[in-house]
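Presented below is the structure to which this report refers.
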Amino acid sequence: MAKIYVVGHKNPDNDSIMAAYTLAHLRNALDAENEYVPVRLGEMPAESAMLFEQYGVEPLEFIDHVEEGDKVFLVDHNERGQAVDGLENAEIVGVLDHHRIADVQTAAPIEFLNLPWGSTTSILTMLYSVFNVELEEKIAAFLLSAILTDTVILKSPTATEKDRSHVEKLSKILAVDAVEFGMKIFKSRGGDEDVAVEDICNRDSKEFNFGGRKCWIAQYETVDLEGLRPRTEEIAAQVKKIQEEGGYDAALMLLTDIIVEGSDFIPAGDTNFIADAFGISFDDGPVWMPGVLSRKKQVAARLIEYAG
Ligand SMILES: [Mn+2]
């Protein structure tokens with residue numbers, strides 16, 4: 001029996017954790033030949049930890065690298081900069097994702113399913129039905145929580161009709177109101193005043209390459225941006241530090257208010273191309289961007305296009 005690690009991206013968000021757990025669960029139900037082991041590359045997000053505890057599931061095993069000969073199934077990413085260290089020596093056996101197709105390569109043909117839906121767990125919701133595996137309560141809760149965090153309770157422009165119908169289906173199984181369930185998930189992250197500035201900046205950060213520029217973009221979601229703004233200078237100093245110490249050409253922090261629906265852009269480094277891409281200026285510091293909720297669709301995609 002071969003052991004296959006199922007792993008999301010670095011700095012895992014709820015979708016990466018829940019996709020790793022549920023894909024391993026689904027495959028273990030279908031494939032007796034292999035053992036699928038869900039793992040994580042960083043801290044469990046607060047909402048994932050809360051749900052795991054509620055359903056009596058141990059936190060995922062943490063790994064910091066893979067080795068020659070290890071088999072790996074990637075979920076929620078296909079970008080080398082976001083993947084487990086040592087991936088170049090390991091064997092990628094599958095990819096399940098909802099991002100742009102980036103730069104992961106393999107020698108042999110593999111399973112590769114990428115759909116432009118709101119979350120990887122939304123694709124998994126479909127797969128449970130395709131393979132006729134029961135959506136037990138725990139699995140339904142894990143999937144629903146991650147569709148709702150990745151789509152910001154379906155408000156993000158990344159949310160599709162498929163995501164809406166999956167949310168409806170899972171809410172029915174759980175007999176919950178989706179918006180109430182989603183707010184409970186977001187609130188489990190705690191108040192912004194207790195969160196260390198390192199955590200605000202690193203909780204959900206990703207590396208990108210925009211036309212040869214090494215960039216860092218992080219996003220922090222809040223239900224009260226006004227209450228977080230007194231910490232803007234402190235956060236900007238931390239973003240500057242990350243940009244310098246990480247050797248990034250540019251860094252951009254998005255402080256996203258999911259209720260008011262928009263983000264403060266806090267830049268560091270050579271961000272002229274970012275300002276140009278959005279037709280804004282950082283001369284007076286951070287800029288409020290109404291309507292911007294999605295790093296992927298409204299920020300990264302725009303920068304890829306602009307830098308292209
Ligand atoms: Mn995702």
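Numbering starts at 1 and runs along the sequence shown. Small disclaimer: the values here were computed from a predicted structure and weren't measured. In listed order, ligands and their atoms are each counted from 1.
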Run through Leu74, Ile110, Asn34, Ile4 and flag the one making a side chain to side chain contact (heavy atoms under 4.5 Å, CB included) with Val93. Ile4

Strictly by salt bridge (charged side-chain N to carboxylate O under 4.0 Å, His left out), give each pair with a member in residues 164-182 just once, sequence neighbours left out. Glu161-Arg164

How about His77 and Val84: do any of their side-chain heavy atoms sit closer than 4.5 Å? no

Which N, O or S atoms belonging to the protein are less than 2.8 Å from the Mn ion (ligand 1)? Asp15 OD2, Asp76 OD1, His98 NE2, Asp150 OD2

Restricting to side-chain hydrogen bond (donor to acceptor under 3.5 Å, both in side chains), what partner residues turn up for Arg203, sequence neighbours left out? Asp199

Quick one: side chains of residues 51-63, donor-acceptor pairs under 3.5 Å with protein atoms, not counting sequence neighbours, listed by atom name and distance.
residue, atom, partner, partner atom, Å
Tyr55, OH, Glu137, OE2, 3.1

Is any NZ, NE, NH1 or NH2 atom of the basic residue among Lys71 and Glu91 found under 4.0 Å from an Asp or Glu carboxylate oxygen of the other? yes

